[in-house]
Amino acid sequence: MSENVVHLHKPTDPPADPATVTTLTVVPDAPPARPVPLWVRSGRAVKTAVTHEGTKTAMRTVARHSLYTLNGGRIVARRTWDGRTGARYERMIRAAEAAGNLEAAEEWEERLQRFRAARHHRRMDLLHLPVEAAKGVAVGAGMSIGVLVALGIVMALNTGHAGDVITPLSATIDFLALLIRIVQVVWGPALTIGPFLALLALWSVGRKQHAAPAWALPANVRSGEGEPITPSIVVKALRDLGVPALRNAIKEMGDAGASMLGPIRIAGCGVEVDVTLPSGVSTIEVQNRRRKLAENLTRHEHEVFITLPQAARTVRLWVADSGALDEPIGPSPLAVDESLAADYAKGRAPWGQDLRGDGASLSLYQRHLLITGLSNQGKTAALRALALWLALDRTVEFRVADLKGAGDWAMYDGLATVLIQGPTDGHVIEATEMLEGGVSEMERRLTAPPGTAFPPLILLVDEAQVAFMCPVKDEDSRPYGGSKATSRYFMAARKIHNQGRAVNVLLWQGTQDPTDQNLPKLVREGAHTRASLALGTESQARMALGDKAVDGGAAPNLLRPGLDKGTVVVASDGIEIPAGQASLTVRTHYIDTGTATEIAERAKRLRDGVTTLHVIERGEERDPLADIAAVLGTASRVLTADVLKRLSALNEDAYGRWTPGDLKRVLEDAGAEPYKSDGRMVVGRDRVARALAHRDTDGSASADG
């Protein structure tokens, strides 16, 4: 490294002693920068210009409009060729043969023969055309001259001038000369402008057909959002699906690949089309590529559904309009039709709409029910909609345990015979004993004489995962929660699943985020109707709906949490599912709490009055008929209002909420119904005593426990 030595002194000072001269040594930190070659700077500038967004937009614009003109010419040439030759018919024949439709192939063959025969006749007529044209011109010219001369004679006779005979003929000649002059003037510019007009026409054809690569198209066209589904789009989507046999068959068909397609029909908020696959392509190959097919159709995966109709080697595609599934459906019939009634055995609950826009109704007859999904996805609303419909059948009894306790089931106070609301361990204990009470009722019904009719009893537990996860044990060290044989809730649910449906004792459960811990396998597989809202993983979907449904295409894990709130995937024989499908996606009607309360009030008016127990008595069981006899005392008859007061005083928890209807029901079931005395309803002591004696003699259970 070289050093730069600098001597500092004033110019006017005399020379100083070298020893006193201050010397500064400057050591450079680095060698001087080398100048950047011009070609490097030019290359960087070119690269910056090429990558600039404005430059890229300009390049795309130039390429797009150039290709519009080029491909427009190709399209016009092909159309002209198709119109002049039998190429179109030949493509249709190949397409029909590839699809295995020999009848269609024969029909197109006949059309091709008729086209060729007509073309031959036209060509033969052209051989005689010059002679016929010459004759026509001669005859036409002669007739025209004759008419003009006759017109001139008439003019001459009228004016008295002989020269007027040729006036019409000379005027016609002058007019023809003017036309020739106009053509001479226009011909030059027409030859100059004509090619530009032709290019403009080709550009217009290419522009209408978007005849340019996707990268060159405008952003709104390139995105494809909202693009209508046409036969060509469906064929291209299938061709690019990644199935070699399908791609090759479509190539052999040419542009006639649309012959695989049936009519594109409007179906709800989308369209539906049946696709007959070529030989060698199986339906499962298309089903397994649902996401790719959706992307090829410029749709999201949740907007395309693939089902199998009755026809062999056929898939049915349902493609939603872009964004249509994000729009709400109409209100529930329960909310708009106050005359709507329910029938447990023969009716179907109006639950919502399928993706085609058709009504989806569910039969609840002798079917255990399980609804699951992530939190805050509409599980309780979907479950409550079914319960509200069934409540309009006055024969159905409900016993409800809401282990969330947020008031979602408060409208069932006065409608359900048992209503438990709360998330604590104490509420779980009460819910468990509610199920065990249902088991006791089931066993009583199972031992009844053959042919006995039993009214439906629905045991409904919302947020059932709270019960399965409860760690509390009873005095015998038996856990209330868990999935072992010692678990009281688990075993009660299993017993009801095993035999309850035979005597119309049914268990409905709603649960969150299914796992083996909060929803044991034996319990979830015991439900005849299984429905799931949005879930996080495929393993959860299998827990919710079962392996068969998921393997058949059910995918609640593909639903979008929050956006698809209220949308359920249902696997059940109680709902109409298209052939070949294992499940159905339903967008359920949302019934808010206020409307649900109004519907519940209608259901209450159908009943004589229901006493709702909010806390299950875990002590001594009461015998209502014996208690009524006790409070009557020695009086021969007592007013019903006084009987209710005495019962409430006897046991507030058991009889404090009784109504005259409850008292009447118990007495009528025992054969000791109230009667009028002096215009007021009374209870007769003798009737109650006879009912007690008759019951004790038969050894039957009390009418109400």
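Worth knowing before you read on, the calculation uses all heavy atoms, side chains too, and leaves out hydrogens, waters and symmetry mates.
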S.K.: With a 4.0 Å cut-off, would you call R602 and E598 a salt bridge?
M.R.: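 Looking at R602 and E598, the cut-off is not met.
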
S.K.: Is it true that E463 and K379 make a salt bridge, defined as a side-chain N closer than 4.0 Å to a carboxylate O?
M.R.: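 The answer is yes: the pair qualifies as a salt bridge.
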
S.K.: Is any NZ, NE, NH1 or NH2 atom of the basic residue among R384 and D592 found under 4.0 Å from an Asp or Glu carboxylate oxygen of the other?
M.R.: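 Salt bridge flag = no for D592 with R384.
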
S.K.: So does R542 pair up with D551, basic N to acidic O under 4.0 Å?
M.R.: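 The answer is yes: the pair qualifies as a salt bridge.
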
S.K.: Would you mind checking if R488 and D474 are paired as a salt bridge, meaning a charged N to carboxylate O distance below 4.0 Å?
M.R.: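 Salt bridge present between D474 and R488.
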
S.K.: Got a salt bridge between E441 and R444, using NZ or NE/NH1/NH2 to carboxylate O under 4.0 Å?
M.R.: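 Salt bridge: yes.
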
S.K.: Sequence neighbours left out, cut at 3.5 Å: what donor-acceptor pairs do the side chains of residues 405-417 make with other protein atoms?
M.R.:
residue, atom, partner, partner atom, Å
D408, OD2, K404, NZ, 3.1
W409, NE1, D462, OD2, 3.1
Y412, OH, A387, O, 2.9
Y412, OH, L388, N, 3.3
D413, OD1, H614, NE2, 3.2
D413, OD2, H614, NE2, 3.4
T417, OG1, E397, OE2, 2.8
T417, OG1, F398, O, 3.2

S.K.: Just do the side chain to side chain contact (heavy atoms under 4.5 Å, CB included) check on V428 and T432 with the steps written out, would you?
M.R.: CA-CA 6 Å; V428 172; T432 302; 4.1 Å; yes

S.K.: I'd like to know if the side chain of T597 and the backbone of T593 have a donor-acceptor N/O pair within less than 3.5 Å.
M.R.: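 Side chain of T597 to backbone of T593: a pair is present.
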
S.K.: For L519, does its backbone N or O pair with a side-chain atom of R524 as donor and acceptor, under 3.5 Å?
M.R.: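 Between the backbone of L519 and the side chain of R524 there is a qualifying donor-acceptor contact (under 3.5 Å).
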
S.K.: Under 4.0 Å between a side-chain nitrogen and a carboxylate oxygen: does that hold for R646 and D627?
M.R.: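 So R646 does not pair with D627 through a salt bridge.
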
S.K.: Which class fits the ring pair F305 and W318: parallel under 30°, tilted 30 to 60°, perpendicular over 60°?
M.R.: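 Tilted: the ring planes of F305 and W318 meet at 30° to 60°.
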
